[in-house]
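By convention here, the first residue in the shown sequence is residue 1.
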Amino acid sequence: MSRGRIARRVLVPLSVAALGLGMMSAPASASDYVCTSGCAGEAKFEPVGEHFYIADLKADGHSVVVRYVRHDICSPVTGRCQVNLAWNHNGANSVPVDHNMNIAEGVEVDWNVCLGEYGSQTILYDTCHAKVVSHA
């Protein structure tokens with residue numbers, strides 16, 4: 001086997017692995033997708049059109065909620081930005097909820113996906129995925 005073939009066989013998997021690690025820790029410009037602890041629920045942020053797609057994957061009696069902060073709607077006095085919730089309370093394996101927003105291109109959106117109780121609007125914070133930083 002030639003030296004070039006060995007280098008390609010080693011470097012390509014390493015490049016793919018490095019790319020995967022980078023995507024976990026850095027903001028992405030493409031779609032971002034994460035799931036709750038135990039993957040009972042999942043969410044995807046699609047920057048083109050600014051959509052969250054929220055799916056409930058487990059019949060556990062909980063809803064799935066995305067908690068997100070838009071950095072284009074902030075108080076000039078406090079500097080605090082608007083916190084929003086988007087729910088899928090339709091039950092396990094239902095069609096994912098399409099939460100459509102209108103956000104200018106390039107605006108930062110910080111978010112995470114959690115399980116929760118839709119009726120009381122309670123988030124079960126111990127089920128949340130770590131914060132994701134996306135851009136519209």
Side-chain angles (χ1 to χ4, degrees):
M1 190 178 295
S2 75
R3 193 181 273 267
R5 286 185 112 171
I6 293 171
R8 274 191 296 255
R9 284 189 177 185
V10 172
L11 292 177
V12 170
L14 289 176
S15 299
V16 171
L19 177 62
L21 290 174
M23 287 175 55
M24 288 177 15
S25 61
S29 58
S31 299
D32 291 319
Y33 160 86
V34 295
C35 65
T36 62
S37 62
C39 286
E42 65 185 16
K44 174 184 172 184
F45 177 76
E46 178 60 51
V48 177
E50 304 86 39
H51 294 261
F52 278 113
Y53 296 99
I54 308 161
D56 189 339
L57 304 176
K58 187 174 179 185
D60 56 8
H62 301 299
S63 298
V64 180
V65 59
V66 171
R67 181 183 181 278
Y68 66 97
V69 177
R70 294 174 53 157
H71 288 268
D72 62 338
I73 303 176
C74 302
S75 167
V77 176
T78 66
R80 297 183 79 183
C81 298
Q82 183 182 62
V83 177
N84 304 278
L85 301 177
W87 292 85
N88 180 338
H89 58 93
N90 299 327
N93 300 312
S94 60
V95 174
V97 166
D98 177 359
H99 182 75
N100 189 4
M101 300 165 285
N102 185 14
I103 303 174
E105 187 174 336
V107 170
E108 183 176 306
V109 179
D110 301 340
W111 62 282
N112 59 356
V113 60
C114 312
L115 298 179
E117 306 303 334
Y118 179 72
S120 63
Q121 299 285 292
T122 302
I123 297 174
L124 304 174
Y125 287 100
D126 62 333
T127 68
C128 296
H129 185 279
K131 179 178 82 171
V132 178
V133 177
S134 301
H135 292 87

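When all heavy atoms of Asn112 and His129 are compared, the closest pair comes out as CB-O, 3.1 Å. Residues Asp126 and Ser37 share a closest heavy-atom pair of O-OG, 3.8 Å. Smallest separation of non-hydrogen atoms from Asp60 and Ala40: OD2-CB, 3.6 Å. Here the shortest heavy-atom pairing between Ala59 and Ala92 reads N-CB, 3.4 Å.
Residues Ile54 and Leu115 are members of one and the same hydrophobic cluster, defined by side-chain heavy-atom contacts under 4.5 angstrom among Ile, Leu, Val, Met, Phe, Trp and Tyr. Cluster membership check: Val64 does not share its hydrophobic cluster with Tyr53, using side-chain heavy-atom separations under 4.5 Å among Ile, Leu, Val, Met, Phe, Trp and Tyr. Transitive grouping of hydrophobic side chains (ILVMFWY, heavy atoms separated by less than 4.5 Å) keeps Val132 and Val65 in distinct clusters. Under a hydrophobic clustering in which Ile, Leu, Val, Met, Phe, Trp and Tyr are joined whenever their side-chain heavy atoms come within less than 4.5 Å, directly or via other members, Leu124 and Val34 fall into the same cluster.
The closest side-chain heavy-atom distance from Val97 to Asn90 is below 4.5 Å. Asn93 is not listed as a side-chain neighbour of Asp56, based on a closest heavy-atom distance of 4.5 Å or more. For the pair Leu85 and Ile123, the minimum side-chain heavy-atom distance is below 4.5 Å.
Distance check, rounded to the nearest 0.5 Å: OG of Ser134 to CD of Glu50 gives 11.5 Å. Taking SG from Cys35 and CG from Leu57, the interatomic distance works out to 8.0 Å, rounded to the nearest 0.5 Å. To the nearest 0.5 Å, atoms OG (Ser75) and CD (Gln82) are separated by 11.5 Å.
Of the N and O atoms on the side chains of His51 and Asp98, at least one donor lies less than 3.5 Å from an acceptor on the other residue.
The disulfide bond (SG atoms under 2.5 Å apart) pairs that include a residue from residues 89-122 are Cys114-Cys128, where partners are two or more places apart or lie in different chains. Listed by first then second residue, pairs satisfying salt bridge (Lys or Arg N to Asp or Glu O under 4.0 Å) with a partner in residues 61-90 read Arg70-Asp72, not counting sequence neighbours.
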### Message
Could you go through Gln121 and Trp87, starting from their C-alpha distance and side-chain angles, then the distance that decides it, and tell me whether this counts as side-chain contact (heavy atoms from CB on, under 4.5 Å)?
### Response
CA-CA 9 Å; Gln121 299 285 292; Trp87 292 85; 3.2 Å; yes
### Message
I'd like to know whether Ser63 forms a side-chain contact (heavy atoms from CB on, under 4.5 Å) with Asn88, so could you lay out the CA-CA distance, the side-chain angles of the two residues, the decisive distance to 0.1 Å, and finally the verdict.
### Response
CA-CA 6 Å; Ser63 298; Asn88 180 338; over 6 Å; no
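A salt bridge is defined here as a Lys NZ or Arg NE, NH1 or NH2 lying under 4.0 Å from an Asp or Glu carboxylate O, and Lys44 with Glu42 fails to meet this definition.
Although no hydrogens or angles enter the test, the distance criterion places a donor-acceptor pair under 3.5 Å between the side chain of Thr36 and the main chain of Gly41.
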Residues 99-108 side chain polar contacts: donor-acceptor under 3.5 Å, at least two apart:
{"unit_1": "His99", "atom_1": "NE2", "unit_2": "Tyr68", "atom_2": "OH", "d": "2.7"}
{"unit_1": "Glu108", "atom_1": "OE2", "unit_2": "His71", "atom_2": "NE2", "d": "3.4"}

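Between Phe45 and Trp111, the ring planes are tilted. Angles from 30° to 60° get that label.
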